[in-house]
There are 2 protein chains.
Amino acid sequence: MELIRGTLDLLILNALASRAMHGYEIARWLEDTTDSALSIEEGSLYPALHRMARRGWIAADWGISDANRRAKYYSLTDAGSDQLGLASSRWLRFVEAVAKVLKAAPAPNTP
Amino acid sequence: MELIRGTLDLLILNALASRAMHGYEIARWLEDTTDSALSIEEGSLYPALHRMARRGWIAADWGISDANRRAKYYSLTDAGSDQLGLASSRWLRFVEAVAKVLKAAPAPNTP
DNA sequence: CGCCTTCCCTAGACATTCTAGGCATAGACA
DNA sequence: TGTCTATGCCTAGAATGTCTAGGGAAGGCG
């Protein structure tokens, strides 16, 4: 399912809030957590991770994965934790506002 | 507030589901409905309306506004009504999936 | 050895929103 | 009368973020 723009950071921050993970792991964590409702393309994921590292929200360390391969583990920084709080509340306020809009109109035909 | 990409169509479709409106009216309807939590920039609104008309979701007719000025009134077509149903359910499924992600992580610090 | 899986990466296409303008007219008010 | 504000429509180009469509290296299994 195509992600709605601007939510990937929020998803990644949440993933890393539970524990440090490498990129591939984040992608599978997201699918597991959402029962495959959401999935990240690698072409979106890695640029997003680099962007977030550049902004100081996450830190990277090379390590060895469970499958015994080299993997870059990302963890949340303090700034990243702050950002998670901001992004979460922004998201919740947005969802609430959209809910008002959906409620304002008569129920759409749901076949 | 900057809109999250991909939601503008949904908002407009909902506005027009309640009644036919001209562009300026849609913008104010959205602010009223969301207690100013959301607002559309004109530079986003008009291109979106043209795009949606091109896709056959809405139809345009020139008329005279309450303020006695010429205004282009948009109304939902049958295809637009279908699209509203699709976009709504897609949005709800997405929000639900993100909720699972937010619940998966420990509560963020909300200062 | 060959293949699948894991794991990382990038360039360019694409879509959508915003910034920053422009233009026209009605009505209020001086 | 002239000017100002609110109404109403529009566009070009920048900025952003995701996806498509690749490429590559290495572990483990048959």
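Chain A is the first sequence line, chain B the second, and so forth, proteins listed ahead of strands; every chain is numbered from 1. Basis for what follows: all heavy atoms, side chains included, without hydrogens, waters or symmetry-related copies.
- Judged by distance alone, the side chain of T33(A) and the main-chain N or O of L30(A) form no donor-acceptor pair under 3.5 Å.
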Anything under 3.5 Å between a donor and an acceptor, one on a side chain of residues 56-63 of chain A, the other on a protein residue two or more places apart or in another chain? List them.
none

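- Residue contacts for L8(B): at a heavy-atom cut-off of 4.0 Å it reaches the sugar-phosphate backbone alone, with no base atom in range.
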Quick test: give all pairs of protein nitrogen or oxygen and nucleotides 4-9 of chain D nitrogen or oxygen below 3.5 Å, distance rounded to 0.1 Å.
from, atom 1, to, atom 2, distance (Å)
dT7(D), O4', R69(B), NH1, 2.7
dG8(D), OP1, S65(B), OG, 2.3
dG8(D), OP2, R28(B), NH2, 3.4
dC9(D), OP1, K72(B), N, 2.8
dC9(D), OP1, K72(B), O, 3.4
dC9(D), OP2, G23(B), N, 3.3
dC9(D), OP2, Y24(B), N, 2.9
dC9(D), OP2, Y46(B), OH, 3.0
dC9(D), N4, E42(B), OE1, 3.0

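- dT10(C) atom P lies 10 Å from atom CZ of R54(A), rounded to whole Å.
- Rounded to an integer number of Å, the gap from F94(B) CZ to dT18(D) C1' is 12 Å.
- The minimum heavy-atom distance between L11(A) and W29(A), with the atom names listed, is O-CZ3, 4.3 Å.
- With rounding to whole Å, E41(B) atom CD is found 17 Å from dT11(D) atom P.
- Using modelled atom types, no side-chain atom of S44(B) and backbone atom of I40(B) make a donor-acceptor pair closer than 3.5 Å.
- Taking atom CG of residue D9(A) and atom C1' of nucleotide dG17(D), one finds them 9 Å apart after rounding to whole Å.
- Scanning all heavy atoms of the two residues, the minimum distance from D9(A) to M52(A) falls at OD1-SD, 3.7 Å.
- For the pair L11(B) CG and dT16(C) P, the computed distance is 14 Å after rounding to whole Å.
- In this structure, M52(B) atom CE and dA15(C) atom P are separated by 16 Å, rounded to whole Å.
- With sequence neighbours left out, Y73(A) forms a ring-ring contact (aromatic ring centres under 6.0 Å, His included) with H22(A).
- Rounding to whole angstrom units, CZ of residue R51(A) and P of dC9(C) are separated by 14 Å.
- Comparing the end axes of the helix from dC1(C)-dG30(D) to dA30(C)-dT1(D), each fitted to five base pairs by superposing C1' atoms of four pairs onto the next four, gives an inter-axis angle of 0° (nearest 10 degrees).
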Please write out the pairs of protein N or O atoms and N or O atoms of nucleotides 13-16 of chain D separated by less than 3.5 Å, giving the distance to one decimal.
from, atom 1, to, atom 2, distance (Å)
dT16(D), O2, R5(B), NH1, 2.9

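- Heavy atoms only, all atoms of each residue included: A97(A) and L38(B) are closest at CB-CG, 3.6 Å.
- In this structure, CD1 of I4(A) is placed 11 Å from P of dT17(C), rounded to the nearest angstrom.
- Residues that satisfy the side chain to side chain donor-acceptor pair (under 3.5 Å) test with D66(A), not counting sequence neighbours, are absent from this structure.
- Distance check: L16(B) CG to I26(B) CD1 gives 4.5 Å after rounding to the nearest 0.5 Å.
- For the pair R5(A) and I4(B), the tightest heavy-atom approach, listed with the atom from each and the gap, is O-CG2, 3.1 Å.
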side-chain contact (heavy atoms from CB on, under 4.5 Å) evaluation trace for L10(B) with R90(B): CA-CA 10 Å; L10(B) 174 63; R90(B) 176 174 131 85; over 6 Å; no
